[in-house]
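In what follows, a structure is listed as structure tokens, so that the remarks can point back to it.
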Amino acid sequence: MSAIPAPLRSRRLAPFEVLFLAAVILGWAVLVVLLGKDMSWDFRNYHWYIPYAFLHGRMGFDIGVAHQATYYNPFLDIPFYLLAMHTPSWFALGVLGAVQGANIVPLYLIARSMLRVPKREIAAALLSLFCISGSLTVGLAGTTYYDNVLSLLVLGGVAAIVCNRGLLRDGPLGNAMLVSGAAGLSVGAAAGLKLPEGLFAFGFAAALAVLPGDLKRRGARLLAGAAGGLAGVALFAGYWFIKLYRETGNPLFPYFNQFFQSPLALDASYRDTRFIPHRWPKRLLLPILFSLNWQVADDLPFQDIRVGVAYVIGILTAPLALFRRRDSFVDATAVGALFAFAGVSYAVWIFAFGIYRYILALEMLAPILIVGAIGLWPIGRTIQAAVIGVLAAVILLTMHYAILERAPLGDPYVQVPLPAISDPRHSMILMAGEAPMGYLMPQIPPEIPVLRIDGWLIRPQDGSRLTAETQARVQGYKGTLYVIADEYEVGRAGGALADYGLGMRWTECKLFTTNLGGPYRFCPLKHIPAKRG
């Protein structure tokens, strides 16, 4: 007989399980390499710019290059930026794909821990594969939105407490607090790296709270989880909060400036509230609505009903679970914790964001929620299996993948044939319009300051101090001024320049196109007389 206790033996991964997980991770890496380079709006706007700006100390030297995102925490973007700058493109993309594919690990562990069936490893493998087959999950493969990277930290934290629920219930209190704290640290790190991930911290706390245990034990592990979460935020965002506060007076600049009152920005929230539902009927029906029409909840296309199905099935299961079978093929404690996590996270999301991409972790978790809920229904195993099979078939048949536009492999990762600038030390470049152009920056001579005079963050006549300081800096500049504008926004750029008393020297303008976008117009500028009233 094996000397390894059964509970420990059940948590260890067998060689074939490790092989399965490694194969999926490798497959995801290969998929990302085959898809090619991310050309998304966000990548061109800030995912390539903010790590460059941070590593080269450009805060205050440049202004508003990436709109509001100019001031995002750069630490999430630095690893891929360094990889793509210093290794072949295929390798950088492969690493990114492997990290995104690693979501299979916590999903598999959760599924294996929840299921009580013969050969549960095979069932968990199939279920976890279904989890990472979601429309937006696949659509975002290889992109730098990072919702499918931070989901690894979030789902890892959830897996830690679900798979150790016995320890959290009646194991040594110190060990239970250690697990809760480590799991909280993982979720907190995700929130620190990208603030919208903070919604999952509330769901994580709910999952900790509903797991069995006496009042003392629940309180202790909640306290440990909160301490770990705060430590994660402090570790990965604390420095940036302090830096922003010192530079701008707002640790979240420019967001929530109606509360922080930074003198640089307007008394406004600067948030994207387009998708937040403001009436209860829409709030209650939103998972069904975005299952039918993705534009209700995102700018990125997807077609997947799994979250909507999990939502409906979860509501139906609440009363049915009271009469569940004693020999259920799922662990009711695990299912309860998972639904607490998903339900509370969703509730926070619907009031704070309403953007589907921010709940990508729930898209991944949805198949496990569906199987777990149906496993609690007081019906026969055969009928349960039939219901799961029908729902899986409907989800697959109605699902559609919308792969975002990609660019072919090649080095360097970003290729910008910027027209020559004769005297970079005595030159300044202005940007105008809303087009994403931050990714051009690493190819611009580093001694040249770049100021966006028109966009979402500042506009020539918005009345903000940041705009006033930008105007003063441009008007007092004695060197050569240039402008870069998207070819389709040249008219808008001309209007913004006129407000600065500048105009394009049209005969000297040049067009250039990069491997990721364009064409862009690059023009030297001239001062024009002010219009007389």
Side-chain angles (χ1 to χ4, degrees), residues 35-50 52-53 62-67 69-70 81 84-85 89 142-145 299-301 403-424 427-446 448-460 474 480-500 502-526 528:
L35 288 175
K37 297 177 183 177
D38 180 12
M39 296 178 64
S40 66
W41 198 98
D42 280 14
F43 178 83
R44 290 179 291 147
N45 183 43
Y46 73 92
H47 287 298
W48 193 249
Y49 169 70
I50 61 174
Y52 163 78
D62 300 330
I63 294 179
V65 170
H67 307 287
T70 303
Y81 172 80
M85 285 290 288
S89 296
T143 67
T144 54
Y145 288 99
D299 285 326
L300 302 179
I403 304 298
L404 302 179
E405 187 178 4
R406 309 300 171 99
L409 297 179
D411 296 309
Y413 197 90
V414 175
Q415 301 160 26
V416 180
L418 186 74
I421 299 174
S422 59
D423 187 7
S427 299
M428 175 185 286
I429 292 177
L430 308 182
M431 288 182 172
E434 296 178 355
M437 295 184 287
Y439 77 107
L440 306 176
M441 290 293 301
Q443 303 303 317
I444 294 174
I448 299 178
V450 179
L451 287 63
R452 189 185 283 268
I453 63 171
D454 173 52
W456 291 342
L457 180 61
I458 62 174
R459 295 189 178 186
V474 172
T480 304
L481 293 169
Y482 298 88
V483 68
I484 297 177
D486 187 279
E487 177 66 5
Y488 300 103
E489 290 188 313
V490 168
R492 173 172 175 167
L497 290 168
D499 287 328
Y500 276 68
L502 300 169
M504 299 181 194
R505 290 153 59 178
W506 291 98
T507 58
E508 300 175 50
C509 291
K510 297 181 179 179
L511 288 178
F512 70 95
T513 300
T514 76
N515 64 322
L516 301 180
Y520 304 100
R521 188 174 291 270
F522 180 78
C523 301
L525 300 176
K526 62 183 178 180
I528 57 177

Validation row: Val416, Phe512 side chains within 4.5 angstrom (heavy atoms): yes
For Thr143, give me all partners under side-chain contact (heavy atoms from CB on, under 4.5 Å), at least two apart in sequence or on another chain. Asp38, Leu140, Tyr145, Leu404, Arg406
Between CD1 of Ile453 and CZ of Arg459, what distance do you get to the nearest 0.5 Å? 12.5 Å
Could you give the distance from CG (Leu451) to CG (Leu481), rounded to the nearest 0.5 Å? 9.5 Å
Where the side chain of Lys37 meets the backbone of Tyr413, is there a donor-acceptor pair that is under 3.5 Å apart? yes
Ignoring hydrogens and angles, tell me if any N or O in the side chain of Asp42 forms a donor-acceptor pair with the backbone of His47 under 3.5 Å. no
Quick check: closest heavy atoms across Asn45 and Ala69, and the distance to 0.1 Å? ND2-CB, 3.9 Å
May I ask you to test the Val483-Leu502 pair for a side-chain heavy-atom distance under 4.5 Å? no
Would you mind reporting whether Tyr81 and Thr144 have side-chain heavy atoms less than 4.5 Å apart? no
For Arg505 and Cys523, indicate whether the former's side chain and the latter's backbone hold a donor-acceptor pair under 3.5 Å. no
How far does CD of Glu508 sit from CG of Leu525, to the nearest 0.5 angstrom? 10.5 Å
Nearest-0.5 Å distance, CG of residue Asp454 to CE of residue Met431: 12.5 Å
CD (Glu405) with more than 12 external heavy atoms under 6.0 Å: no
Is there a side-chain contact (heavy atoms from CB on, under 4.5 Å) between Tyr52 and Gln443 once you walk through the steps? CA-CA 11 Å; Tyr52 163 78; Gln443 303 303 317; over 6 Å; no
Minimum heavy-atom distance Pro449-Ser427, with the two atoms named: CD-O, 3.4 Å
Between Gly438 and Val65, what is the shortest heavy-atom contact and its length? CA-CG1, 3.7 Å
With heavy-atom distances below 4.5 Å as the criterion, would you say the side chains of Asp62 and Met441 are in contact? yes
How long is the gap from CZ on Arg44 to CG on Leu440, to the nearest 0.5 Å? 9.5 Å
Between Gly503 and Ile528 the two heavy atoms that sit nearest each other are N-CG2, 4.1 Å
Is a side-chain N or O of Lys510 found less than 3.5 angstrom from the main chain of Ala420, in a donor-acceptor match? no
Kindly indicate, with the supporting measurements, whether the criterion side-chain contact (heavy atoms from CB on, under 4.5 Å) is fulfilled by Trp48 and Met85. CA-CA 10 Å; Trp48 193 249; Met85 285 290 288; 3.5 Å; yes
Under the side-chain hydrogen bond (donor to acceptor under 3.5 Å, both in side chains) test, residues paired with Thr514 that sit two or more places apart: Tyr439
Going from CG on Asp486 to CZ on Arg521, what distance comes out if it is rounded to the nearest 0.5 angstrom? 10.5 Å
Ala493: side-chain contact (heavy atoms from CB on, under 4.5 Å) partners, not counting sequence neighbours: Ala432, Ala485, Met504
Check: Gly410 main-chain N/O paired with Ser89 side-chain donor or acceptor under 3.5 Å: yes
So do Ile484 and Leu418 actually touch side chain to side chain, heavy atoms under 4.5 Å? yes
Could you tell me whether the side chain of Pro436 reaches within less than 4.5 Å of the side chain of Tyr49, counting heavy atoms only? no
On a heavy-atom basis, which atom in Trp456 and which in His67 lie closest, and how many Å separate them? N-ND1, 3.1 Å
Validation row: Ile448, Tyr482 side chains within 4.5 angstrom (heavy atoms): no
Sub-4.5 Å side-chain heavy-atom contact between Ile429 and Phe522: yes
